[in-house]
Amino acid sequence: MNQLKNKKPKALILGATGGIGSEVAKQLNKAGWHINALKRDIHQTAKNNDITWFQGDALNQTNVETAAQGCSVILHGVNPAGYKNWETLVLPMLDNTIAIAKKSGACIVLPGNVYNYGQDAFPLLSETSPQKPVTKKGRIRVEMERRLEDFAQQGGQVIIVRAGDFFGPNAANNWFSQGLIKPNKPVKTISNPSTMNTGHQWAYLPDVAATMVKLIETRDTLDAFSTFHMNGFWDEDGTKMAKAICRIVKEKTGKIPKISSFPWWLMPLITPFNETLREMMEMKYLWQQPIRMNNTKLIQQLEKEPSTPIDQAIEETLRGLNCLG
């Protein structure tokens with residue numbers, strides 16, 4: 001009886017080797033959870049007694065069901081590699097997660113973003129702002145959340161945490177590591193995609209994960225379908241992030257990087273040969289106007305949003321990306 005009482009709760013992380021998945025796994029471990037994780041090739045995963053790896057694919061419902069055994073939470077943090085094949089892969093993966101959660105009663109947690117919104121909702125976004133997307137990925141995101149809301153209305157539970165552009169030590173597929181700097185190289189130039197005097201919202205992945213863990217652990221107090229917006233790091237004029245990177249690089253290496261504008265003009269020449277860049281270009285409009293999420297609802301639930309000082313967050317990110325030597 002005591003063994004059952006002291007048994008660790010379990011969560012399935014889909015996308016456990018990605019930026020948000022790996023961070024949520026680590027923080028749930030620290031909070032006393034055991035992690036199940038699904039991966040196509042588990043032979044290169046490091047041994048960890050707090051993670052049970054299952055070989056399989058999120059597109060295979062049987063694989064997902066096997067990995068979800070005994071799990072009360074499923075983090076759906078899996079995306080097609082390099083932004084590729086969104087139209088054909090994203091919704092079938094989510095449908096598998098929903099199907100298994102219906103059987104098991106697991107709560108689904110989804111990392112959200114601002115792709116769902118169009119010009120009519122800007123500049124200040126709340127959880128109830130109208131979702132009228134203007135891009136292909138935005139329309140897919142809206143459909144994902146619609147299917148999750150249907151699942152919640154049928155007796156399931158969903159938590160969506162919407163945040164700004166991700167950055168963090170283990171996050172390689174984002175604007176920070178693919179636009180501003182280059183992983184595994186000294187920072188000599190910072191390529192800033194922001195428009196001058198245009199605010200932009202960023203989210204440090206360990207803070208996003210900490211927020212998710214707090215919501216997971218208080219999920220019994222939440223509505224069946226709960227969406228929360230994070231404030232994260234608000235770059236009020238579009239230069240603060242680039243200047244902070246410059247400041248940390250100078251402090252840690254003695255060298256001063258050059259800050260330049262991201263070469264948007266060059267992208268149409270490159271994107272025909274690079275699908276990842278082509279998909280990222282679709283999101284250009286998000287850099288051309290201030291867009292900020294209001295975190296009032298999150299503060300009401302948690303009292304305080306997890307927030308790492310920006311210089312510490314950038315230093316940890318640059319070290320994790322092997323950019324400080």
Side-chain angles (χ1 to χ4, degrees), residues 9-16 20-21 24 28 33-38 54 56-80 86-117 121 125-133 136-163 208 211-230 297-298 300-302:
K10 286 168 66 173
L12 169 61
I13 307 293
L14 297 175
I20 186 63
V24 172
L28 278 174
W33 288 65
H34 184 84
I35 302 301
N36 285 3
L38 186 67
F54 293 82
D57 195 308
L59 284 166
N60 185 310
Q61 191 175 126
T62 301
N63 291 163
V64 177
E65 184 168 16
T66 300
Q69 292 295 316
C71 294
S72 55
V73 169
I74 301 175
L75 174 79
H76 189 87
V78 62
N79 282 306
W86 263 64
E87 311 92 281
T88 57
L89 299 179
V90 169
L91 292 174
M93 288 192 290
L94 180 66
D95 286 343
N96 287 340
T97 294
I98 291 173
I100 300 312
K102 281 181 178 178
K103 289 183 180 181
S104 67
C107 170
I108 299 176
V109 181
L110 179 76
N113 56 38
V114 297
Y115 297 176
N116 305 50
Y117 302 102
L125 300 174
S126 74
E127 290 81 359
T128 58
S129 294
Q131 296 192 6
K132 298 177 183 176
K136 176 179 61 182
K137 286 196 292 296
R139 288 187 286 274
I140 293 172
R141 276 282 174 177
V142 170
E143 177 60 19
M144 290 175 72
E145 294 190 19
R146 187 196 67 77
R147 294 185 187 190
L148 286 168
E149 188 166 13
D150 283 350
F151 161 66
Q153 289 173 351
Q154 295 167 29
Q157 184 173 28
V158 175
I159 299 170
I160 297 174
V161 177
R162 204 180 311 283
V208 180
T211 300
M212 288 181 169
V213 171
K214 287 178 180 293
L215 291 170
I216 287 168
E217 297 204 313
T218 59
R219 64 192 182 282
D220 290 345
T221 68
L222 302 179
D223 292 337
F225 184 78
S226 293
T227 304
F228 295 93
H229 287 185
M230 290 187 66
K297 180 181 175 184
L298 180 68
Q300 289 173 346
Q301 178 65 29
L302 299 183

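All of these numbers come straight from a predicted model, not from anything done at the bench. What's counted below: heavy atoms across the whole structure, side chains too, no hydrogens, waters or symmetry copies.
- Under a 3.5 Å cut-off, the side chain of R219 and the backbone N or O of I216 do form a donor-acceptor pair.
- Between D57 atom CG and L38 atom CG the span is 7.0 Å, to the nearest 0.5 Å.
- In this structure a side-chain-to-backbone donor-acceptor pair under 3.5 Å is present from K297 to T227.
- Applying the side chain to side chain donor-acceptor pair (under 3.5 Å) criterion to K136, with sequence neighbours excluded, gives E279.
- The minimum heavy-atom distance between A68 and I74, with the atom names listed, is CB-CD1, 4.4 Å.
- In this structure a side-chain-to-backbone donor-acceptor pair under 3.5 Å is missing from R162 to F228.
- Of all non-hydrogen atoms in A106 and F151, the two that sit nearest each other are O-CZ, 4.0 Å.
- Taking CG of L12 as the start and NE2 of H34 as the end, the distance is 11.0 Å to the nearest 0.5 Å.
- Of the possible polar contacts, one joining the K10 side chain to the Q69 backbone as a donor-acceptor pair under 3.5 Å is found.
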Test side chain to side chain contact (heavy atoms under 4.5 Å, CB included) on V73 and W33; report intermediate values, then the result. CA-CA 10 Å; V73 169; W33 288 65; 3.7 Å; yes
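- Heavy atoms only, all atoms of each residue included: P133 and G138 are closest at CB-C, 3.5 Å.
- A donor-acceptor pair is defined here as one N or O able to donate and one able to accept, closer than 3.5 Å; no such pair exists between the side chain of D223 and the backbone of F225.
- Across L94, I98, L148, V158, a single residue satisfies side chain to side chain contact (heavy atoms under 4.5 Å, CB included) together with H76, and that is L94.
- Residues T97 and L110 form no side-chain contact, since every pair of their non-hydrogen atoms from C-beta on lies 4.5 Å or further apart.
- For the pair I35 and L28, the tightest heavy-atom approach, listed with the atom from each and the gap, is CD1-CB, 3.8 Å.
- How far OG1 of T218 is from CD1 of I159: 7.0 Å, rounded to the nearest 0.5 Å.
- Here the straight-line distance linking atom CG of L75 with atom CE of M212 works out to 6.0 Å at 0.5 Å rounding.
- Using a distance-only test at 3.5 Å, with no hydrogens or angles considered, a donor-acceptor pair links the side chain of N96 to the main chain of L59.
- Residues passing the side-chain contact (heavy atoms from CB on, under 4.5 Å) test with Q154, sequence neighbours excluded: K102, D150.
- A perpendicular orientation is assigned to the rings of H229 and Y117, their planes being inclined by more than 60° (bins at 30° and 60°).
- Heavy-atom minimum distance, P130 versus A121: O-CB, 3.7 Å.
- Rounding to the nearest 0.5 Å places SG of C71 at 11.5 Å from CD1 of I100.
- Taking 4.5 Å as the limit, every side-chain heavy atom of L298 sits out of range of all side-chain heavy atoms of V161.
- Evaluation of the side-chain contact (heavy atoms from CB on, under 4.5 Å) rule for A58 yields V78, M93 as partners, not counting sequence neighbours.
- Separation of atoms CZ (R146) and CD (E143) is listed at 4.0 Å; rounding is to 0.5 Å.
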